[in-house]
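So the structure is just underneath, and the comments pick up after that.
The chains referred to below are lettered A, B, ... by the order of the sequence lines, with proteins before strands, and numbering in each begins at 1.
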2 protein chains.
Amino acid sequence: MATRNDALTCEVVDLIATVVARYHEEYEEAAGKHSLTGAQAKVLALLAREPLPMRRIAQQLKCEPSNITGIIDRLESRGLVERHPDPDDRRVKLAAVTPEGRVTAARLRQSLDFAREPLGSLSAEERGTLRDLLRRMLGETG
Amino acid sequence: MATRNDALTCEVVDLIATVVARYHEEYEEAAGKHSLTGAQAKVLALLAREPLPMRRIAQQLKCEPSNITGIIDRLESRGLVERHPDPDDRRVKLAAVTPEGRVTAARLRQSLDFAREPLGSLSAEERGTLRDLLRRMLGETG
DNA sequence: TATTGTTATACTCTATAACTATA
DNA sequence: TATAGTTATAGAGTATAACAATA
């Protein structure tokens, strides 16, 4: 596929870069409100859905498994997460949120409302159009 | 403004999160191809436009000025950047790309073509629509 | 043998606070 | 006194390599 380099395309790329930058700033800020780093917030949100083996967390975060040890250590020392043995495979440790961790994850999700707010200025039809365009954009490379 | 929570809005938010994740992965990968970290690549791209005082770089990266010292140190030790005194204010040091740094910055920009490629599947009219929607989205909060 | 999680190590980025040299 | 850049320090994330327990 030919890569386009016209003014319109570059403008859209710049807008996407702005979206990315703003999303990150606000994500870090929301995490910080709960004294979490970005990585810790990601892991906590992940585990709030379902307990996961350490290895799987690393795959989701696209980092080395050795890094997960420290992140879970820090979440565990704050009582937000626990390690449980996997009855089916004694090599595996399942990380799971505690009740307190679940509450924190829910609050974090609330703080992330910022992500929905900018969309409030678009009509339902426009949001549908945006969804379709983003889907096609992402579908091409993924 | 009321924050929307319907299925369509959540879907768009998820798509944006996917865009953000993919953008970051590919940015880091492109930087890595040139043995640069993400932060180093950002600074190099910034300085390729114009020389900047250390303080200004920190403002652009939204981090503390003390961090810039190390980042510029590492770029300078690789011959990609140089520090020049500001003739107007002897407290200020201007960081500027070397000729080699300019070449690396240009190659980096080429590697970032990935960002344009997904847009190739959209027509000019669709890219225009996407631009307008993103503009309005960003305009609301910024 | 292969896999899971951990440890040890080194590097980078980050914030904070104290320092220096200029202004 | 205020500002620009640096240094020192500490914490967190990252990759790599080596290790113990288990499969």
Would you kindly give the [atom1]-to-[atom2] distance between [X] and [N], to the nearest whole Å?
{"X": "B:Gln59", "N": "D:dA4", "atom1": "CD", "atom2": "P", "result": "8 Å"}
{"X": "B:Ile68", "N": "D:dT3", "atom1": "CD1", "atom2": "P", "result": "19 Å"}
{"X": "A:Ile57", "N": "C:dT4", "atom1": "CD1", "atom2": "C1'", "result": "13 Å"}
{"X": "A:Asn67", "N": "C:dT4", "atom1": "CG", "atom2": "P", "result": "16 Å"}
{"X": "A:Arg78", "N": "D:dA12", "atom1": "CZ", "atom2": "C1'", "result": "13 Å"}
{"X": "A:Asp73", "N": "D:dG11", "atom1": "CG", "atom2": "C1'", "result": "14 Å"}
{"X": "B:Gln60", "N": "C:dC13", "atom1": "CD", "atom2": "P", "result": "17 Å"}
{"X": "B:Arg56", "N": "D:dG5", "atom1": "CZ", "atom2": "C1'", "result": "16 Å"}

No-H, no-angle donor-acceptor pair, A:Thr69 side chain to C:dT7 base, under 3.5 Å:
no

Decide yes or no, distance alone: a donor-acceptor N/O pair under 3.5 angstrom between the base of D:dT16 and the side-chain of A:Ser66.
yes

Check whether any side-chain nitrogen or oxygen of [X] sits under 4.0 Å from OP1 or OP2 of [N], and answer yes or no.
{"X": "B:Thr37", "N": "C:dC13", "result": "yes"}
{"X": "A:Arg90", "N": "C:dT4", "result": "no"}
{"X": "A:Arg91", "N": "D:dA23", "result": "no"}
{"X": "A:Lys93", "N": "C:dT6", "result": "yes"}
{"X": "B:Arg74", "N": "C:dC13", "result": "yes"}

Please classify the nucleic acid contact of [X] as base, sugar-phosphate, or nothing, using heavy-atom distances under 4.0 Å.
{"X": "A:Ile71", "result": "sugar-phosphate"}
{"X": "B:Asp89", "result": "sugar-phosphate"}
{"X": "B:Arg83", "result": "sugar-phosphate"}

Is any side-chain heavy atom of [X] closer than 4.5 Å to a side-chain heavy atom of [Y]?
{"X": "B:Leu47", "Y": "B:Ile72", "result": "yes"}
{"X": "A:Met137", "Y": "A:Ile16", "result": "yes"}
{"X": "A:Lys33", "Y": "A:Glu29", "result": "yes"}

Any carboxylate oxygen within less than 4.0 angstrom of a Lys/Arg side-chain nitrogen, looking at A:Arg78 and A:Glu100?
no

Return yes if a side-chain donor-acceptor contact under 3.5 Å exists between A:Thr9 and A:Asp6, otherwise no.
yes

DNA chain D nearest-nucleotide lookup for A:Gln40 and A:Pro65: closer to the 5′ end is A:Gln40

